[in-house]
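The block underneath contains the structure these notes are about, expressed in structure tokens.
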Amino acid sequence: MARPAKLRCVAQFPNVGFFRPVGVPVNALQGVCLSLEEVESIRLKDLEGLEQEECAQQMRVSRPTFHRILESARKKLADALINGKAIQIEGGNFELPQRRFRCDDDGHEWNVPFEVMAQRLPLSCPKCLSGNIEPMPLPAFGLGRGHGRGFRGGRRW
Ligand SMILES: [Zn+2]
């Protein structure tokens, strides 16, 4: 079995998943794509003003990894700002600090912490052992799955 990419913990999602500059014709528009964990790194470091060590802890990554995510995010934002590019926020390898699961058979609901999900997603209901369980969906925005503004698919901006 392929080893899954290491998950980063993202506690908060931005309100808007797409930004575009005014006055740039659509056919000339270029864009950058930020992952949800890149946005989270900006939120923790630049908006909340936390130390890198704290940011890394919150995202459950090493400090060098956090630094790499942050640098990548800042570089893309600078590129968009200076060169007048659109910004799309979507995708990444992340999970919430905890996610609520629901059993379709008996309606039982329970919380699963990040640390558990990072190892393995739960396979059955802890109460009735049914495998018929589902996580509460992540906010639909920004995950790049089948909704959007027509610029998805071909990476057209
Ligand atoms: Zn159940």
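Both ligands and their constituent atoms are indexed starting at 1 by order of listing. None of the values given here were measured: they were computed from a predicted structure.
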Given side chains that start at C-beta, do those of Phe19 and Leu34 come closer than 4.5 Å, heavy atoms only?
no
Give a yes or no on whether a salt bridge exists between Lys85 and Asp79, defined as a side-chain N under 4.0 angstrom from a carboxylate O.
yes
Provide the atom name of the closest N, O or S atom of Asp106 relative to the Zn ion (ligand 1).
OD1
Phe114/Phe94 aromatic ring centres below 6.0 Å:
no
Please confirm if an N, O or S atom belonging to His108, backbone or side chain, lies less than 2.8 Å from the Zn ion (ligand 1).
no
Electrostatic pair Glu71-Arg68, nearest N-O below 4.0 angstrom:
no
Between Cys128 atom SG and Cys125 atom SG, the angle centred on the Zn ion (ligand 1) rounds (to 10°) to 110°
